[in-house]
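Heads up: the structure comes next, in structure tokens.
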Amino acid sequence: MHIRDPKIIARLAELNVELRRGASLGGMTSLGIGGTTDLLRIKNHECLPELLNLLDTNDVPHKFLGGGSNLLVGDGELPWVVLQLVRPEPDVVLDGNFAHVDAAADLGRMITFCAKKDLGGMEGLIGVPGTVGGALRMNAGAYGMQIGSYVREVKLYRAASRKIEVLRGHQISFEYRHTSFAPDDMMLAVTLELPSKSYQEILKGIRICNEKRRSSQPLGQKSAGCIFKNPPGSSAGRMIDELGLKGLSVGDARVSDRHANFFVNAGKASAKDMLTLIADIRERVQKSYGVSLENEVVVWNA
Ligand SMILES: Cc1cc2nc3c(=O)[nH]c(=O)nc-3n(C[C@H](O)[C@H](O)[C@H](O)COP(=O)(O)OP(=O)(O)OC[C@H]3O[C@@H](n4cnc5c(N)ncnc54)[C@H](O)[C@@H]3O)c2cc1C
């Protein structure tokens, strides 16, 4: 989608929002799949109520992009614009055991920054790409931990009130890859309370998690992490593996040989290829196990 109305373009400039025309989402997502649209880069949180009002009153649909590591985006010219926060400097401020973190901060860099100040707890998330805002939205987790356990406060733009608000940790529910935020809420910043641990001890945990990832995931290949959520008490990857489906392909979309719940873009896969592969695998698992797999990957189809 292209914003052409000169009045909107002028207002975006007044709000200090950078307009990048015809951005390729294929180049901004870890799967390397996705068409083009205008990208709006937001430099200050406070403009959001006005910006959203401007887009809504002019019928400009929008989606919110973090680091693009959990997304499967449709092909071709996309029928919505994309909003993205610009990372401020500094993006993490520490106060005792509290870390105040901007949503645009890189998750891995935030974890190592805190580790160097003897604050741990998040070792399991090392190696999870993307932003802190994206991790919060999805309640990212791994190896028995999840980011939600450390959240004490979230600053967000609330779609319901059209205002920037602050929620305390106990007002938010964090479940397996699910949170109580509304679909249009935008995470802007978070306060995490992290346990004190020596850097050496944290580093040991980080090395163990890195090794586990290296030995089980196709890290050099384009993916969006796990495609399906694990059904309660079961493993999506194990079922796909037991059905002998590793390596199954549609065009260049392929079930990883390494981890059956990672689907990779082995070349020039299109969103259509990947969606066909996902539908095929879901159907086979449903037929054999009677389990309907739910997407973990977020699909933005045109
Ligand atoms: C190799 C690899 C390994 C992975 N391993 C794991 C893992 O172990 N555990 C795990 O949980 N995930 C894993 N993932 C998936 C992904 O990295 C995480 O879900 C990550 O937290 C997504 O963050 P992001 O910023 O990239 O979000 P995006 O992919 O940009 O967006 C995902 C969703 O969050 C929304 N969103 C993003 N930022 C915001 C914001 N500030 N406010 C509101 N909504 C927002 C988007 O609109 C979208 O709906 C892995 C991915 C890869 C490629």
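First listed ligand is number 1; within each ligand, the first listed atom is number 1. Scope of the values below: all heavy atoms of this structure, side chains included, with no hydrogens, waters or symmetry mates.
- Residue-ligand proximity: Gln146 is placed with every non-hydrogen atom at 4.0 Å or more from ligand 1.
- Under 4.0 Å is where a charged nitrogen must lie from a carboxylate oxygen, and between Asp241 and Lys246 at least one such pair does.
- Counting heavy atoms under 4.0 Å from ligand 1, residue Ser30 touches it through the side chain alone.
- Membership of the apolar cluster around Leu245 extends to Leu31, Ile33, Leu72, Ile227, Phe228, Met239, Ile240, Leu243, Leu248, Val250, Val255, Phe263, Met274, Leu275, Leu277, Ile278, Ile281, Val285, Tyr289, Val291, Leu293, Val297, Val299, as traced through chained side-chain contacts below 4.5 Å between ILVMFWY residues.
- Residue-level proximity to ligand 1 for Trp300 is carried by the side chain, the only part with a heavy atom below 4.0 angstrom.
- Using a 30° and 60° split on the angle between ring planes, His259 and Phe262 fall in the tilted class, from 30° to 60°.
- With ligand atoms numbered from 1 in the order given, ligand 1 contributes 21 (O), 23 (O) to contacts under 4.0 Å with heavy atoms of Ala135.
- Every residue two or more places apart in sequence or in another chain was checked for a salt bridge (Lys or Arg N to Asp or Glu O under 4.0 Å) with Asp184, and none qualifies.
- Under the 4.0 Å criterion applied to side-chain N and carboxylate O atoms, Glu296 and Arg177 are assigned as salt-bridge partners.
- Without hydrogens or angle criteria, Ser256 side chain to Val264 main chain gives no donor-acceptor distance under 3.5 Å.
- At least one donor-acceptor pair under 3.5 Å links the side chain of Ser30 to the backbone N or O of Ser223.
- Heavy-atom separations between Leu107 and ligand 1 are all 4.0 Å or longer.
- No side-chain N or O of Glu193 forms a donor-acceptor pair with one of Asn97 less than 3.5 Å apart.
- Proximity of Lys63 to ligand 1 is not established, as no heavy-atom distance is less than 4.0 Å.
- Taking all heavy atoms of Ala142, Ala140, Gly141 into account, the minimum distance to atom 9 (N) of ligand 1 is reached by Gly141.
- Contact of the Leu192 side chain with the Leu119 side chain is not registered, since no non-hydrogen atoms from C-beta on lie closer than 4.5 Å.
- Given atom 52 (C) of ligand 1, the protein heavy atom at minimum distance is Gly225 N, 3.4 Å.
- Contact annotation: Tyr143 has no heavy atom less than 4.0 Å from any atom of ligand 1.
- Which parts of ligand 1 touch Val298 is read off a 4.0 Å heavy-atom cut-off, strictly below it: atoms 49 (O).
- Heavy atoms of Arg213 found under 4.0 angstrom from ligand 1 belong exclusively to the side chain.
- With Pro129, Gly124, Gly108, Gly133 as candidates, the residue nearest to atom 2 (C) of ligand 1 on a non-hydrogen basis is Pro129.
- Near Asp185, meaning under 4.0 Å from one of its heavy atoms, ligand 1 places the atoms 43 (C).
- Here Ala104 has no heavy atoms under 4.0 Å from ligand 1, in either its backbone or its side chain.
- Between atom 32 (C) of ligand 1 and the options Asp184, Asn70, Leu31, the minimum heavy-atom separation is to Asn70.
- With a 4.0 Å cut-off on non-hydrogen atoms, Arg137 touches ligand 1 through its side chain and not its backbone.
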